[in-house]
Every structure is written in C-alpha cells, then in structure tokens.
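Right, one structure below, let's go through it.
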Amino acid sequence: MVSVVPLQATEDATRKTFWLISNYEKILFYFLATVTVFVFAYGTYNRFARYGDGKADWFDRLDDLPGRVSSAAKIVASNEKQFNRDLVAGLMHAFILWGFLTLLIATTILFIDEWYRVLTIAAGDRQSFWVGDFYLSYQLVTDALGLLFVIGLAVAIWRRYVVRAERLWGKHTNWEDAFLVWSLLLLGVGGFLLEGLRILGTGDAIVTVEPVSFVGTATALGLAGIGMNASTAAAVYPLAWWSHSVLAFLFIAAIPYAKPFHMISSFANVVTRDDKAGVRLPGVPSDLDATNAESIDDFTWKELLDQDACTKCGRCSSVCPAKASGRPLDPRDVILDLKQYRQSLEREGGETKPIVADGGVIDTKTMESCMSCMACMDACPVEIEHLKSFTRLNRQLTDQGDVQSSMQDVFQNVMTKGNTFGDSPEARGDWTEDLAFDVADARETDVEYLWYVGDYPSYDDRNKKVARSLATLFEHADAEVGILYDDEVYDGNDIRRVGEEFLYVEQAGTLIDSFEDCSFEKIVCTDPHSYNTFKNEYPEVDFAEFADDPMMEFEIDGFWNDGDGADVYHWTQAVEELVEDDALGLQGTELEYTVTYHDPCHLGRYNDEYEAPRELVRATGCSLHEMPRNRANSFCCGGGGGGLWMEVDEEEKPSEERLREALEDTDAGDGIEKFVVACPMCMTMYEDGRKTGGFEDDIEIVDVAELLVEAVETNGATPTAGSDPDAAPADD
Amino acid sequence: MKILVTVKEVAEVDDEFEIDGLDIAEGSLEYDLNEWDDYAIEEAVTISEARDDVEVVTVTVGPERAEETIRMALAKGADRAVRVWDDAIEDAQFLDVDAKAELLGAVAAEEEPDLVLSGVQAGDDSNGATGVALAETIGFEWAAVVNQLDLDADAGVASVHRELEGGIEELTDVDLPAVLTIQTGINEPRYASLRGIRQAQRKPLEVRSLEDLGLDPSVVESPLERTSMYEPTSESDATVWQGSADETAESLASLLREKGVIEG
Ligand code: SF4
Ligand code: SF4
C-alpha cells in the first residue's frame, strides 16, 4: 500500500514541531518535561540505591560488562524467552518492545534536532536534519512500527481482559498491570490521532499532505469520514496534543514507581544473570553467626533486583509442577510476596515478620512444596533466579529447626551413616553380590571410570536392579570401571537444596577424600543429581573455610583440584560413547517396544543433556515417542529438592500426571508400553505413581540401562554375567 | 522460671550385631538422643520462647561421648547443660533406676527448677521409671505420660493430659514444682542443624562428679546384677507361597486351620 503512494522526496519535506502551540505553552511543556525527568531520575536512582544497600552477591555479576550487556541486548531484542511455549505472547511482546523502542528513538531524534535548531539559530544560521528524505523515512518507520506497537498492545489487552489468560492473573495483579498496557495503548493511539488531526488540519487534500505517514493519513481520512473538517481538526489539535504530552509525562514519571520499571529492572536482571543459576548454589559463610533469611536485609542485591524485575507474567507458575499438583506453592507469588513485604517495610513502615515460618512472609509449607525442578527459571523471560532465593529460605528453615520429621530423619541418617537410608555403610556394595562377576574396587585398582553408584542404586531394591544392569553393560563393554564400596557416601545434592548446607559441605569433603584416594580418569554417575553437584558445585566449594571446624572431618583443604574438580559424566554419556564404538554390539533392531522417555530435571534442564539417553533408547530398536512436555519443558517426577522424602498435601502426584501424559498425549496414542527413565529418583517416584495412580496394568517403568541390557541379551550376545536374578518387578 | 530437662544418650543396635561378654559389642552400637527426651526438650524450649524469663537446663548422666547428644539439645534451644560422670559411674555395671534418680536428684537439688521434664522412657533400656522415681527422690509432684501441657507459671499449675490405656485421656492439674514425663507426639521436635550444633559448642556445658554433687560412690551400687546376655533364637518363620491367588489363598487357609487360628 505504501509503495503505490508517490514519495515526494523534496528537500523541504518536514513539518513544524509545536504546531499551533504558543510559546508560553512551549515553556510550560519544557517545564513539565524537566519535572518529569527529575521524578524519573529520582525514582530510578532510589531503586538502584536500594540494590546497592543489599548484601553483596556471591560472585561478581558485573565482570565483563560490555559482554554482558551485549548478550543481554541480544536476548531482549530477539524476545527469545517470550516465544518459549507461547507464540502469541512472543509476537505481542516483540511488537510492543520494538514499537516502543522505535518511538523512543524517534522522540529522541526529534529532541536532538530541536536543540540543534535552537543552537544553530543562535549561531545565526538555522539548520535542521529532520528534513527531506530523512524526514520522510522517519515518518514511514515510526508509522509502521507504531502500528505494530498498537497491535501488540491490543493483543495484550485482548489476552488480559477478554481471553483472561489464566497465568496473567494472580494475587499480586493490580492497578499497575492495567496502567502499563492502557497507558501505552492510549499513547500509541493518541499519537496516531494527533497525526491524523495534523494532516486533516492543514486543509489540503488529505492524501497529498504526507502520504508516507500512512497510518496518520488513514486516521485523517477516518476523521474526515466521520464528518470532521479541517478547522475543527486544527481547533482540537492543541487539546489533543496536550493530553498526549501529559499522558506521556505521567507515564515516564511513573516508570520507576510501577510496572513500567520492568523495562529497566528486567534488562538489568538479564545483564547480571548467572548462566548456571540454580544448577550451582552459592555456599554459606563458615561464620557460625551468619544468617540466611532472618530479615529482608539478608537478601543480596541481585535477589532484590529479581523481585523488582518480575513482570508478573506468570510463566513460572504456569509450568510449576508443585502448583499443578495443588501444592501451596506459586513461584511468582513467593518472589512478589518478598517484594511486597520489603516495600511495606520501606514505604509504609509495616510490621516486621519472620521471613519464612508458619504465618511468616512465606509459609513453611510453600517451601516444602518445591522440587527444585527449575522449570520456573527456565520459563522466566527475565532470568529471575527463583531457586537462589528459595534456597536461602530453605536454609533459614533449617537454621530455625523447622524441618519435617521425615526430612530430619534423612539428615540424621546422612549425618550418622553417610547415606539417606540410614542403612549400614558396610552394606553399600551389597548390591554387587548377586552379579556373576566382580565389580572392581576403585580403592585398590586404577580405573578409567570411577563409578559413583549413589544412594538409591546402592540401597533401594528397585534401583539395585538398575545398578546391576549398568554394571552388566560396563562388564559387557569391557570398560574399566570401579566403585568405592564402603567409602562412597551420599553426594548431598538434594540436602543442599533443602537447606542443610553444613551437612552438604561435610559430605562433599568426605566424598572428595574418597575420590582423592583413588586413581581414575573420569567420574561416571548413575544419578543425575550426583552428576550435577559433582560437575557444577563440588569444584566451587572452598573447603579451607571449614578447615578448623571440628565437625568437618575431611582432609581436603581449599578447592578440589584447584577448582577444576574432575571430568564428570552421567552414565548415559559414557555408555553412548561405548555404543558409538560398538562395544555393546547392538544392531538397533533388538527390541520392538513402543516407549516414551522422561527427561530428568537434573540431566536435562540442569545440564542440557537431552540426546545421549535418547540415542541409547533408539539403539535398542525401541520406537520412541515424545510426550508434549519434553526436553527443557519436562515435567518433574516430584522427587527433587527433597520431594522424595517430604510429606506434602497435594491433589495429585506429579508422577501420576506425568504417567497420564505418557499414556494419553504422545503421538503413539495409548500405545506406550514402557516409560523410560534415566534417574534413580525418577524410578522411585514413577514406580510409586504407577501404583497409586492405578497405572500398573498400563505401563512399565524401566531405566535406559535395563532396556540396553535386554537388547544386548536379545541379541544373543549374552553378557558375561546373568543380569538380574529376580525377574519380577520388585516392590519397595 | 527454670526448667530442667533430663536427657539421655541412648544406644541403638545395628541390624547385625555382636555380643561381647555381658553387653553388646561397642562396635555394634550407634548413639543418639533419646526420642522421648527430644519431645521433652521441645516442650521446654517452646515454653521458654513464649516467655522471656525461662531458663532451660539439661542434665545428662553419661560419658564424654554423650556431649554430642547434649549439644543437639543445646542447639535446639536449651540454655546450658550439666553432665554427670566420674570413674565410679564408669565402673558400675549399669545404673538402675534408683541410682539415676539419686544422681539427677542431686542436680535438681542444686538447680532448684520449677519444672522437670523427662521422657516417658529411654529407647534402649525402656524402664519408663526414672522420671517418676526422680519426683519421689526430690519430693516433687508428678504426672506421667503427658501428651498435652498447658502451663500457668504465675499460678504455679501445670494442666496436663495424660495418655492412659485404650485411648483414654486423663486431665489433671499438677502443682509446681513438678516432674512431668513427656510422651512422644506432644509436639513436633525441631531439627538441630549442623550449624546449630556447632553454635551450641559455645553454650556452657558443666561436668559434675559424684563428689561435686556431694554424693557417696555407693549410690551407683545396685542390688540388680546382669548375669548373661544372649540373642534369643528367632521363633518366627516366614512362609512365602508361590502360585496363583487361588492356590496361595488355599495354602494360607489350611495353615491357619492347622494352627488353630480359624476353625472349620
Ligand atoms: S523449582 Fe519447580 S517446583 Fe520449585 S517453584 Fe520452580 S517450578 Fe515449582
Ligand atoms: S518470576 Fe519471571 S516468569 Fe515468574 S511471573 Fe515473574 S517474570 Fe514471570
């Protein structure tokens, strides 16, 4: 449509700013603009000054600032996070963002030109660059992007008020959410109206006035269509101009005080993000008197910024398995409750409350409900690090002693026996006894792979079968693998997430001592939880801090291998290499099951390993069908973050919902025979969900290792040892 | 007001254990805070949190090793601890209820508490008598197996619910000073974190010998003597039947008939 209009690229194409506005009004305008800028600057300064008062964060988030800013700009400009799981919202936000930025830049150009004119007039030679071709392209671009801006806002308002998209509404939804969208819409629409009035008001033939301003021209035609003539347009123009200006000033002045601030805070939050947030947790000072979340003053500046960066979009809550199961947890509300409490103290001088307690700012049960699955963080478009704040709250609960008795038992077991079961440490290697071959003792022989078996595969009957399957695979592939037997202790990943940090450090130190006594090249883990903490957290613990602690009886001092840790693999990664080298002799046709695969949070979302287990499943010949929520969108089994041990009130177990998804929502219809897992905790949770959800006749839970062993056996190449003595599924 | 809580470190026997002479081999034992005492501590600490003039003191009869357990009690909020031990106690074969009541009674006499809380029983020897015997020794009022406690410290009265057999509860008012033996379930004991236990190392823990308490070594003598220790042979047998539900039900029925559990 635009291209058919002849562009009149004449040198004198421009328009007069402040058309029909008197010089007195112009002074008033500049006065108001100055006030607005002051209000804005004051509010923004105060906000940032408050972050400055927050505690230091645990690492430097402002290092390599240019690099951080440019990568943040890329994330924000591309809107990649907004497109995740929601195309319409992605487009909507992209339109508004780009429209807004364009209009902002346009206004800035105008401002600069205005002063350029003023200065050149003073110098005796009036000049302006806002003329000719530049002027015309300026008008075209602002009209086009302005139109997208208005469309984006219309979609936002449609979704918020007509469709009432559930995630947009929550207990913290209030006037500022309405203010943001409606004021921007009015600004966008008002801008076009003003343009239309101006075009109409010239009194010339409408389409000849400024055809490049196609929206303005269309508006003028519309106004003429409803009977407005040029003189009326010129008469109402100043009024419209003033309303538009005042609204713009109000909006700008309100930015630091309400939701529009997310334009700044969210960007700052993306700039200062930690790419490994949640995957690695900060340590605690060894100082015994340090506090975790006794008051809001314990929060770091980044945690405060997180709270202010939240746009209340509800994406986090809409993917939260705890919320979906009817548990009393809504991740958005936790972040915003903390913000509200902080503001109530600062703005209204409200009463202080315990941060986390029954009847505190955050309820104990809310924190007990979290499974540390990281779905919220993955979904959050502005990089809020929920789990970092949640861990702080959990640590506070531990400090206060507010720990469920079942969880206390687990802590106690770890403290006294070095495993979560409270079983004898000597029995740790007993699962190997049913194998027809020996599993090497890594304490006595040099090995390529030091296999950290883990608590569940060592002590839990169902998972011992997985351990034996994996041992069989290693044996079959002639891999040099050894285990630690009695010297293996619990890895600590989950008790760390529940908040018992000192116990975590104690276990980590003890386990690293065991590692250091062996000679190996790589560590391979059965359990993605241990894989995560070995890979991302152990190397960051400064054990020297605890060297004088009489209760920390480990020898490691300083960082493990100077902070390099060791080469750590999840077993699916190690075995995938073996399969690629054809060490298992698989044809890829051995099994014919129809299966689906569940991504464990700690392997997938935490550590980005989605393909190795899938390759292994395919290598057995099984036909693999994906659930709708796969890979980064996987839905937690409910076992993480202490969920395995915690008693919670819920309407439905996450595991039951997930099994339903497997049986109903894949493209295999109801044909899924096996639900394949790659994590012992998932195994336990799904074996349980299969029983309690009544899925026993419909689906079987198998570990990737068990499928592989079955394939190897089917192949005739019976492994060097009979795999499993008890064929029937064990109850545990 | 002052609350004295008697705390015991109990031995837990491993699944696989060995007997060494008249006792279970030390290597087969793990030590922990007595479960019932955990509830007694929680009750005392809860009272002290509700008022600001309450001191909670724990008293333990036990060797140095027991300090780990005592620190758990301190970590949970007790203010200070007393541990009674010396060679005479070490040498005694075991302490009977009277001996313990004497030792604890001597500490109570020094501390002059308004309220003494003890667990109903200890998880290892399960006498279930020490609390009441202590009340007798020091001449306090007492109530046993308390599962709910409302304290009116100003009036000097503890209103308690006592758990009787068959789900019956007795409601009683006990005048202070009194000894109450606390039943599990009366509250939800808090957790003593590792950091808390470390912090508790700064709280006072005083060791008292018989002499310090003005007691004669003969208090630990007992008319009782342990004569032997053995593991009773297991009398239970587990039979697992294989086969279909019908077959196994059949086998079970005939066994029950044979044993006289059911007739016909
Ligand atoms: S980590 Fe998972 S369970 Fe916890 S709040 Fe986030 S989404 Fe919910
Ligand atoms: S935390 Fe993130 S995902 Fe959740 S509501 Fe706030 S901005 Fe949205």
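Numbered from 1 within each chain, the chains take letters A, B, ... in sequence-line order. Worth saying up front: this structure is predicted, and the values here are computed from it rather than measured.
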Exam field: side chain B/E16 to backbone A/S424, donor-acceptor pair closer than 3.5 Å: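 Checking the backbone N and O of A/S424 against the side chain of B/E16, no donor-acceptor pair under 3.5 Å is found.
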A/E500 side chain vs B/L194 backbone, donor-acceptor pair below 3.5 Å: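 Checked: pair present.
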Neighbour count >12 (heavy atoms, 6.0 Å) for atom [atom1], [X]:
X: B/E250; atom1: CD; result: no
X: B/E169; atom1: CD; result: yes
X: A/E555; atom1: CD; result: no
X: B/E68; atom1: CD; result: no
X: B/D152; atom1: CG; result: yes
X: A/K365; atom1: NZ; result: no

What part of [X] lies closer than 4.5 angstrom to a heavy atom of chain B: side chain, backbone, both or neither?
X: A/D409; result: neither
X: A/M415; result: side chain
X: A/Q404; result: neither
X: A/D423; result: neither

Which portion of B/E188 sits near chain A, non-hydrogen atoms under 4.5 angstrom: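 Neither part, no heavy atoms under 4.5 Å.
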Interface moiety of B/D32 toward chain A, non-hydrogen atoms closer than 4.5 Å: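 Just the side chain, heavy atoms under 4.5 Å.
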Test item: A/P550 and B/R198 side chains (from C-beta on) under 4.5 Å apart, heavy atoms: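 A/P550 vs B/R198: side chains touch.
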Within-4.5 Å side-chain heavy-atom neighbours: A/Q412 and B/L33: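 No - every pair of side-chain heavy atoms lies 4.5 Å or more apart.
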Separation of [Y] [atom2] from [X] [atom1] (nearest 0.5 Å):
X: B/R71; Y: A/M551; atom1: CZ; atom2: CE; answer: 9.0 Å
X: B/Q199; Y: A/L288; atom1: CD; atom2: CG; answer: 5.5 Å
X: B/S193; Y: A/N292; atom1: OG; atom2: CG; answer: 9.5 Å

Salt-bridge present (A/D402, B/R190; N to O < 4.0 Å):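 No, no charged N to carboxylate O under 4.0 Å.
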Charged N-O contact under 4.0 Å between A/D289 and B/R202: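 Salt bridge: yes.
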Which atom of B/D14 lies closest to which atom of A/K417, heavy atoms considered: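 Closest approach of B/D14 to A/K417, heavy atoms only: OD1-NZ, 4.4 Å.
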